[in-house]
Number of protein chains: 2
Amino acid sequence: MNIGAAAEASGLPAKTIRYYEEIGLITPDRKANSYRDYSDDHMHKLRFIQRARSLGFSVEDCRQLLSLYEDKGRASADVKSVAQEHLTEIERKIAELSSMHDVLSHLVSACRGDNRPDCPIIDGLAK
Amino acid sequence: MNIGAAAEASGLPAKTIRYYEEIGLITPDRKANSYRDYSDDHMHKLRFIQRARSLGFSVEDCRQLLSLYEDKGRASADVKSVAQEHLTEIERKIAELSSMHDVLSHLVSACRGDNRPDCPIIDGLAK
DNA sequence: CTTGACCTTCCAGTTACTGGAAGTGAGAAA
DNA sequence: TTTCTCACTTCCAGTAACTGGAAGGTCAAG
């Protein structure tokens, strides 16, 4: 399977797949013409990575998850710990964004947004 | 005011303040010894930037907000439009993170996290 | 006069791609 | 067979917003 088809089937851009190879995440075979060749196994991994990335796992997390995925003797506790840490980080980010949202939405709704210069948003930033 | 004191007073690391100068965001005077010298006016701007950054505005947004801050004849609509766009982006990110959170928290809570290999998290990623 | 804190510039690294240039291979139409 | 158009290859540069560190200058205290 050429990289174009692999991209299509995995939902990842070809550029990204090449990048993952460059950082040693997933290394396809090569055909005689030097084209990359993705097997079913590679495709499973690519899709695995795509899903993990879409859940916000870092590429390094993906590397770790991928090795746990391949390790049939893994302890689920190891997987859970990676996921739990990421979940906590997601919660931290949501809290941070929510607090930004609260402050900013107050400022925005207090601003008339007309052609006059007085502006609660600017005032709020200047304090 | 030296950069160390300016950092202290603005809540921004000295490194960051130098970086802002490098990208032309805020340019302090220089003393005879080539040390940076921050005036009260500079300090107001630094604090303004610090607050805008803490609300998640990009550095380019900060550049724009800063010029609106200085423009006493601005239209508040121009400020509001920058802020509104950012607010929408914050909402988009919160929604994205929330959806990640939903999926991941389900997987995590379904995983026993013991020393056995079967793992709903891995299964969910492998699908 | 030395010590230590603070300042200077410059360069490299971070994350995860993304765009583009230059060149090669494959398959189909003329 | 030539040509055309893709898809593929490698390599280099750029993105955002810093951050760390090296090598060296400045200043106040003791």
Side-chain angles (χ1 to χ4, degrees), chain A residues 1-38 42 45-46 48-66 82 85-86 89-90 92-93 96-97 100, chain B residues 1-38 42 45-46 48-66 82 85-86 89-90 92-93 96-97 100:
Chain A
M1 198 178 214
N2 281 355
I3 197 169
E8 179 77 17
S10 66
L12 291 166
K15 275 271 186 187
T16 299
I17 298 177
R18 284 196 199 95
Y19 169 70
Y20 289 161
E21 179 179 350
E22 189 186 320
I23 62 170
L25 201 56
I26 181 166
T27 306
D29 301 330
R30 295 287 179 140
K31 295 192 208 151
N33 59 11
S34 85
Y35 282 20
R36 288 169 178 83
D37 189 14
Y38 294 89
H42 292 127
K45 288 184 195 166
L46 280 178
F48 182 94
I49 294 166
Q50 190 278 325
R51 286 198 199 92
R53 291 289 297 130
S54 78
L55 288 179
F57 284 101
S58 71
V59 169
E60 285 317 302
D61 282 345
C62 289
R63 193 189 298 276
Q64 207 178 337
L65 290 170
L66 209 49
V82 173
E85 215 163 303
H86 178 48
E89 180 63 12
I90 286 175
R92 198 195 56 69
K93 283 183 185 161
E96 188 181 357
L97 286 167
M100 289 176 183
Chain B
M1 200 177 211
N2 281 354
I3 197 169
E8 179 76 16
S10 66
L12 292 166
K15 274 272 185 187
T16 299
I17 298 176
R18 284 195 199 96
Y19 169 71
Y20 289 160
E21 179 179 350
E22 190 185 320
I23 63 171
L25 201 57
I26 180 166
T27 306
D29 302 328
R30 295 287 179 139
K31 296 191 209 154
N33 58 13
S34 86
Y35 282 20
R36 289 168 178 83
D37 190 13
Y38 294 88
H42 291 127
K45 289 186 196 163
L46 281 178
F48 183 95
I49 295 166
Q50 190 277 324
R51 286 198 199 91
R53 291 289 297 131
S54 78
L55 288 179
F57 284 102
S58 72
V59 168
E60 286 316 302
D61 282 346
C62 288
R63 195 189 297 277
Q64 206 178 338
L65 291 170
L66 210 49
V82 173
E85 215 163 303
H86 178 47
E89 178 63 13
I90 287 175
R92 198 196 56 71
K93 282 184 186 161
E96 188 182 356
L97 285 167
M100 289 176 184

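Every chain is numbered from 1, with letters handed out A, B, ... down the list of sequences.
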**Prompt:** Does B:Phe57 have any ring-ring contact (aromatic ring centres under 6.0 Å, His included) partners at least two apart in sequence or in another chain, and if so, which?
**Reply:** B:His86
Shorter than 3.5 Å, N or O on both sides, protein versus nucleotides 3-8 of chain D: list them out with atom names.
{"from": "D:dC8", "atom 1": "OP1", "to": "A:Gly4", "atom 2": "N", "distance (Å)": "2.8"}

**Request:** Give a yes or no on whether the backbone of A:Gly4 and the side-chain of A:Asn2 come within a donor-acceptor separation of less than 3.5 Å.
**Result:** no
**Prompt:** For residues 26-35 of chain A, which residue pairs qualify under salt bridge (charged side-chain N to carboxylate O under 4.0 Å, His left out), counting only residues two or more places apart or in two chains?
**Reply:** A:Glu21-A:Arg30
**Request:** Of all the heavy-atom pairs spanning A:Leu55 and A:Ile90, show the shortest one and how long it is.
**Result:** O-CD1, 3.9 Å
**Complete:** Residues passing the ring-ring contact (aromatic ring centres under 6.0 Å, His included) test with B:Phe48, sequence neighbours excluded, are B:Tyr69
**Request:** Not counting sequence neighbours, which residues clear salt bridge (Lys or Arg N to Asp or Glu O under 4.0 Å) with B:Arg92? List them please.
**Result:** B:Glu89, B:Glu96
**Message:** I want to check something: taking the side chain as every heavy atom from C-beta on, are B:Lys45 and B:Tyr20 in contact at a cut-off of under 4.5 Å?
**Reply:** no
**Item:** Non-neighbouring partners of B:Glu60 that pass side chain to side chain contact (heavy atoms under 4.5 Å, CB included), sequence neighbours left out
**Value:** B:Ser58, B:Arg63
Taking N or O atoms only and anything under 3.5 Å, show me the protein contacts with nucleotides 16-19 of chain D, one pair per line.
{"from": "D:dA17", "atom 1": "OP1", "to": "B:Val59", "atom 2": "N", "distance (Å)": "3.3"}
{"from": "D:dA17", "atom 1": "O3'", "to": "B:Arg53", "atom 2": "NH2", "distance (Å)": "3.3"}
{"from": "D:dC18", "atom 1": "OP2", "to": "B:Tyr20", "atom 2": "OH", "distance (Å)": "2.6"}
{"from": "D:dC18", "atom 1": "OP2", "to": "B:Arg53", "atom 2": "NE", "distance (Å)": "2.9"}
{"from": "D:dC18", "atom 1": "OP2", "to": "B:Arg53", "atom 2": "NH2", "distance (Å)": "3.3"}
{"from": "D:dT19", "atom 1": "OP2", "to": "B:Thr16", "atom 2": "OG1", "distance (Å)": "3.3"}

**Asked** Between D:dT10 atom C1' and A:Ile17 atom CD1, what is the distance in whole Å?
**Response** 17 Å
**Asked** Say you draw a straight line from CD1 of A:Ile3 to CZ of A:Arg36; how long is it, rounded to the nearest 0.5 Å?
**Response** 5.0 Å
**Asked** Excluding sequence neighbours, so at least two apart, what forms salt bridge (Lys or Arg N to Asp or Glu O under 4.0 Å) with B:Arg51?
**Response** none
**Message:** What range of DNA chain C does chain A touch, first nucleotide to last, counting atoms under 4.0 Å from its heavy atoms?
**Reply:** C:dA16 to C:dA26
**Prompt:** Which residues pass the salt bridge (Lys or Arg N to Asp or Glu O under 4.0 Å) test with B:Lys93, sequence neighbours left out?
**Reply:** none
**Prompt:** In degrees rounded to 10°, what angle is found between the helical axes fit to the five outermost pairs at each end of the helix from C:dC1-D:dG30 to C:dA30-D:dT1?
**Reply:** 30°
**Request:** Just jot down the side chain to side chain contact (heavy atoms under 4.5 Å, CB included) partners of A:Ala9, sequence neighbours excluded, or say none.
**Result:** A:Met1, A:Met43, A:Arg47
